[in-house]
Participant: 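Dropping a structure here in structure tokens format, bear with me for questions.
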2 protein chains.
Amino acid sequence: MAYTYNYPHPAVSVDIVIFTIRDDALSVLLVERGLPPFQGEWALPGGFIRLDESLKHAAWRELKEETGVNAAYLEQLYTFGHPKRDPRERVISVAYFALLPSDKLEIRAASDARNVAWFDTREVPQLAFDHNKILRKAEHRLAAKIEYSTIALQLMPDRFTLPHLQHVYELIRGGPIDKRNFRKRIRALKVIEPTGEESRSGARRPAKLYRLTDRNRVDVFK
Amino acid sequence: MAYTYNYPHPAVSVDIVIFTIRDDALSVLLVERGLPPFQGEWALPGGFIRLDESLKHAAWRELKEETGVNAAYLEQLYTFGHPKRDPRERVISVAYFALLPSDKLEIRAASDARNVAWFDTREVPQLAFDHNKILRKAEHRLAAKIEYSTIALQLMPDRFTLPHLQHVYELIRGGPIDKRNFRKRIRALKVIEPTGEESRSGARRPAKLYRLTDRNRVDVFK
DNA sequence: CCAAAAGTGTTCGTACTACACCCATGC
DNA sequence: GCATGGGTGTAGTACGAACACTTTTGG
């Protein structure tokens, strides 16, 4: 089947940077390409949009295809359109970034034969297309937004401890945070509440467990 | 001439929200549509991308076509892709926003027979497509960014006074600012310098003139 | 009782807010 | 000399940064 237009059209794809916290590292989901171009190289999950779906819908679809997850934080990142970014034809990529809670990610990738894997963001190899550039932009956006929003809480499992949350902040910011200042700041946000339970793990004092007061709420301040 | 693809492609356009300060108002450049759809209605300047140019290049091209200007602040705003936003076919619009210094805008629109006009942002009529939505997003971006960057200086002419600059800030924020606090803050940015001249205009004390230390520099803080 | 991590307050400096009067000009 | 807008400093407050010890647990 062929589609014909009076003037040239680019292809439009959606690529997603899916972050989660895994094994003590901020991680991103990558897929190994099974076909040229860049066959055998790792790339961000993505695909071409359908003409009857919104961009966000396309992003959700890709997210679900790769992870099985249908609840996550999702926001448009940037649109990449360098004429030569895809060697086949002109492809404009609308990039999204998603945050997945770390307890929702075992469900991943019954999809197909391709390799799908989480990579520590500090150990990402060279990627297909301009995907390293997209990933860099997503990391910057995340690092910036963690400073003036409650976005980082979208990476947390249903119940978590404050030391765990602090660790997530430290991973994203790339540096240590003072414990007392951190706890003061988080408490002032009034977006988490104690569950009354404790996390008992090994030879040390148990930490109190918290949950989000509203799982889907993301506040932006300033 | 026809262009044929194996799977359907959307059209991709670039629309620009061009802001300037004019007649005591934050203003946006609009063009009257000469052809359907939305014939006779006002719209943001824009057009379809060429397959051999980058998105930013397309934005520059549109900017120059409408204003004759080739130096301005230009940044990607957001990509709008609702399937029904254009009644003709699927059109995905990559929106940019631009800031034009108020002394560079007499050069505008020798372009063609269409009407082109600056509108006070508070008096914008109903626009074609989803352009009111795009405009709203651009206004929000500008209002947000003025708080944590030196972006507003991109709207200033080569030489300007501090009361003038304050007025621009007040227009964008939509509220009054304390004069002494404002001046203190601007001075702390260290991005303007006195020219030594004065602006002599009418029956009052002349104001000192300033210029940007670096016309093209935009700082983002925090 | 020891190791290891959880938990908890106060002080200091900085940045933002509020606020009122004199100055230079044209008419 | 008066009307109009230009120009200047200080005091109070709120927010983020630095910083050390006690508590609880398992082994």
Side-chain angles (χ1 to χ4, degrees), chain A residues 24 143-150 152 156-157 159-211 219-222, chain B residues 21 23-24 143-150 152 156-157 159-211 219-222:
Chain A
D24 252 28
K145 234 164 165 168
I146 203 183
E147 302 295 340
Y148 62 93
S149 78
T150 60
M156 305 309 290
R159 286 184 282 186
F160 56 89
T161 66
L162 284 178
H164 181 191
L165 180 60
Q166 179 173 347
H167 190 222
V168 170
Y169 270 81
E170 288 171 334
L171 283 171
I172 295 172
R173 306 214 335 191
I177 304 176
D178 179 84
K179 211 199 304 184
R180 284 169 291 187
N181 292 338
F182 177 77
R183 296 164 91 96
K184 201 192 311 171
R185 186 153 60 91
I186 295 297
R187 265 185 243 124
L189 297 177
K190 292 207 278 271
V191 290
I192 64 172
E193 56 191 15
T195 66
E197 302 156 298
E198 294 187 328
S199 155
R200 199 161 311 259
S201 63
R204 58 187 187 275
R205 179 171 176 178
K208 296 195 182 105
L209 283 167
Y210 293 80
R211 73 168 80 86
D219 292 337
V220 177
F221 20 93
K222 290 250 175 80
Chain B
I21 302 292
D23 295 344
D24 252 27
K145 235 163 163 167
I146 203 183
E147 301 295 341
Y148 63 90
S149 78
T150 59
M156 305 310 290
R159 286 184 283 186
F160 57 88
T161 66
L162 284 176
H164 181 191
L165 180 60
Q166 180 173 346
H167 190 223
V168 169
Y169 270 81
E170 289 172 333
L171 283 171
I172 295 172
R173 306 215 334 192
I177 304 175
D178 179 84
K179 210 199 304 184
R180 284 169 289 189
N181 293 338
F182 176 77
R183 298 164 90 97
K184 201 192 311 172
R185 186 153 59 91
I186 296 297
R187 264 185 293 243
L189 296 177
K190 292 206 277 272
V191 291
I192 64 172
E193 57 192 15
T195 66
E197 300 155 299
E198 294 189 327
S199 154
R200 199 161 312 258
S201 63
R204 57 186 189 274
R205 179 171 176 179
K208 295 195 182 106
L209 283 168
Y210 292 80
R211 74 169 79 87
D219 291 337
V220 177
F221 20 92
K222 288 240 177 87

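Predicted, not measured: the structure shown is a model, and the values here were computed from it. Residue numbers begin at 1 in each chain, while the letters A, B, ... track the order of the sequences.
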Participant: Under 4.0 Å from any heavy atom of chain B: name the first and the last nucleotide of DNA chain D that qualifies, 5' to 3'.
Facilitator: D:dT4 to D:dT10
Participant: Do B:P176 and B:Q166 have side-chain heavy atoms sitting under 4.5 Å apart?
Facilitator: no
Participant: Rounded to the nearest 0.5 Å, what's the gap from CD on B:E147 to OH on B:Y169? Could you check?
Facilitator: 8.5 Å
Participant: Are the side chain of A:E170 and the backbone N or O of A:I177 linked by a donor-acceptor pair below 3.5 Å?
Facilitator: yes
Participant: Summarise protein proximity over nucleotides 4-16 of chain C in one line of letters, 5' to 3': B for base, S for sugar-phosphate only, - for none, counting protein heavy atoms closer than 4.0 Å.
Facilitator: BBBBBBB------
Participant: Do B:L189 and B:F221 come close enough that some side-chain heavy atom pair is under 4.5 Å?
Facilitator: yes
Participant: Going by number, which of residues 167-177 of chain B have a non-hydrogen atom under 4.0 Å from DNA chain C?
Facilitator: none
Participant: Should A:E197 and A:R159 count as an ion pair when the cut-off is N to O under 4.0 Å?
Facilitator: yes
Participant: Any donor-acceptor pair under 3.5 Å linking the side chain of A:T150 with the backbone of A:D219?
Facilitator: yes
Participant: Nearest 0.5 Å please: distance from the CG atom of B:L165 over to the CD1 atom of B:I192.
Facilitator: 6.5 Å
Participant: Going from CD1 on B:I21 to NE2 on B:H164, what distance comes out if it is rounded to the nearest 0.5 angstrom?
Facilitator: 7.0 Å
Participant: Can you confirm whether B:T195 sits close enough to B:Y210 that some side-chain heavy atom of one is under 4.5 Å from a side-chain heavy atom of the other?
Facilitator: no
Participant: Roughly how far apart are A:I146 CD1 and A:R173 CZ, rounded to 0.5 Å?
Facilitator: 7.5 Å
